[in-house]
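Letters go in sequence order (proteins before strands), and every chain restarts at 1. As the structure is a computational prediction, the values presented were derived from the model and not from experiment.
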Amino acid sequence: MGKTKESLYIRIIKHIYGIHGYFDEYKKQEVNRIGNNAFLILFLLFGLEIISTSFSALIFESSNVLIVLMWSNLLIFLIILLYLAFSVSKLKLDQIETYDNKDYSHQIKKLRKKCIMLAFNFFIIERIVFFLIDLLTNDNHLTILQLIISPKENIVWGITSIIFSITLYFVQKSKIKK
Amino acid sequence: MNNKVKLVRVSKDLQQKDLALEVGISRQTLSLIEKGKYNPSLKLCVNIAEALDSDLNSLFWKV
């Protein structure tokens, strides 16, 4: 009963929930339960958001409502991510099981590569998001090129990305079990 | 649900990781089954029984 090839759907689920190793029936059951709860939270929050936005649009300026809407969407996204991370961590579904010392050092090497890639991805995504926000709230009337190559922003987000990936490395390392 | 999976596994000198690998589940899931904290499906029970050269009656029935 060896390890069979996983479908793309399973790989996406595992990636989103941060699950490692076999995606067996216990993990599947727990992921379904967590997913349903996340959907209910999402359903409630988006419902509230739609109602409040509709009423706000009648009273306040549309551009202000749009900015509030963008931030509240980001907040809802973070709430859901936090819930998923907390639930998965509580059930220890994100543990990486290793079988011997060789496997352990292999997993550590894999983790290092993953963290470097994540730091890079984090930097790119944050720069895109904050570039768009700066573009919308461009009070200093800077050009697009000035916004992109802003040294202060790049250094700040570069350092943040490095701190983020180092923290993630130690958190993930603690989840590798011999 | 109480069961004799751990008892039979230890009697066969098998480690949790070996049995988990054989059945195709994680060590965590096997540990939960042995502790009676997770009720496995019939399919998984059969797989565990096969891997332990045992049967469902002796592993899971009236423990």
**Student:** Checking heavy atoms, do the side chain of B:Ile33, its backbone, both or neither come under 4.5 Å from chain A?
**Tutor:**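 For B:Ile33, no heavy atom lies under 4.5 Å from chain A.
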**Student:** Tell me whether B:Asp13 at atom CG has more than 12 heavy atoms from other residues, nucleotides or ligands lying less than 6.0 Å away.
**Tutor:**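 12 or below, so no.
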**Student:** Does B:Gln28 form a side-chain contact (heavy atoms from CB on, under 4.5 Å) with A:Glu97? I'd like the steps, not just the answer.
**Tutor:** CA-CA 9 Å; B:Gln28 184 196 14; A:Glu97 293 177 352; 3.6 Å; yes
**Student:** Is there a path of hydrophobic side-chain contacts, each under 4.5 Å between heavy atoms of I, L, V, M, F, W or Y residues, that connects A:Ile76 with A:Leu81?
**Tutor:**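 Not linked; separate clusters.
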**Student:** Which value, rounded to the nearest 0.5 Å, describes the distance between B:Leu44 atom CG and A:Tyr26 atom OH?
**Tutor:**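 Output value for this atom pair is 13.5 Å.
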**Student:** Nearest 0.5 angstrom please: A:Lys177 NZ to B:Ser26 OG, how far?
**Tutor:**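 The NZ atom of A:Lys177 sits 14.0 Å away from the OG atom of B:Ser26.
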**Student:** Which atom names give the shortest non-hydrogen contact between A:Tyr22 and B:Ile25, and what distance separates them?
**Tutor:**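 It is CD1-O, 3.3 Å.
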**Student:** I'd like to know if the side chain of A:Glu25 pairs up with that of B:Tyr38 as donor and acceptor (distance under 3.5 Å, no hydrogens or angles considered).
**Tutor:**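 There is such a pair (donor and acceptor under 3.5 Å, judged by atom type) between the side chains of A:Glu25 and B:Tyr38.
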**Student:** Measure distances from A:Ile19 to the heavy atoms of chain B and classify the residue's part below 4.5 Å as side chain, backbone, both or neither.
**Tutor:**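 Contact with chain B: none, neither part.
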**Student:** Around atom CZ of A:Phe86, are there more than 12 heavy atoms from other residues, nucleotides or ligands closer than 6.0 Å?
**Tutor:**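 No, not enclosed.
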**Student:** For the CZ atom on A:Phe120, are there more than 12 heavy atoms of other groups (residues, nucleotides or ligands in this structure) within a distance under 6.0 Å?
**Tutor:**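 No - once you tally the heavy atoms of other residues, nucleotides and ligands closer than 6.0 Å, there are 12 at most.
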**Student:** So for A:Gln95, is it side chain, backbone, both, or neither that comes closer than 4.5 Å to the heavy atoms of chain B?
**Tutor:**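 The answer is neither part of A:Gln95.
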**Student:** Taking everything shown except B:Lys17 itself, do over 12 heavy atoms lie less than 6.0 Å from its NZ?
**Tutor:**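 Yes, NZ of B:Lys17 has more than 12 neighbouring heavy atoms, counting only those of other groups under 6.0 Å.
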**Student:** Is there a continuous path of hydrophobic side-chain contacts, each under 4.5 Å between heavy atoms, that joins A:Val88 to A:Leu111?
**Tutor:**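 Different clusters.
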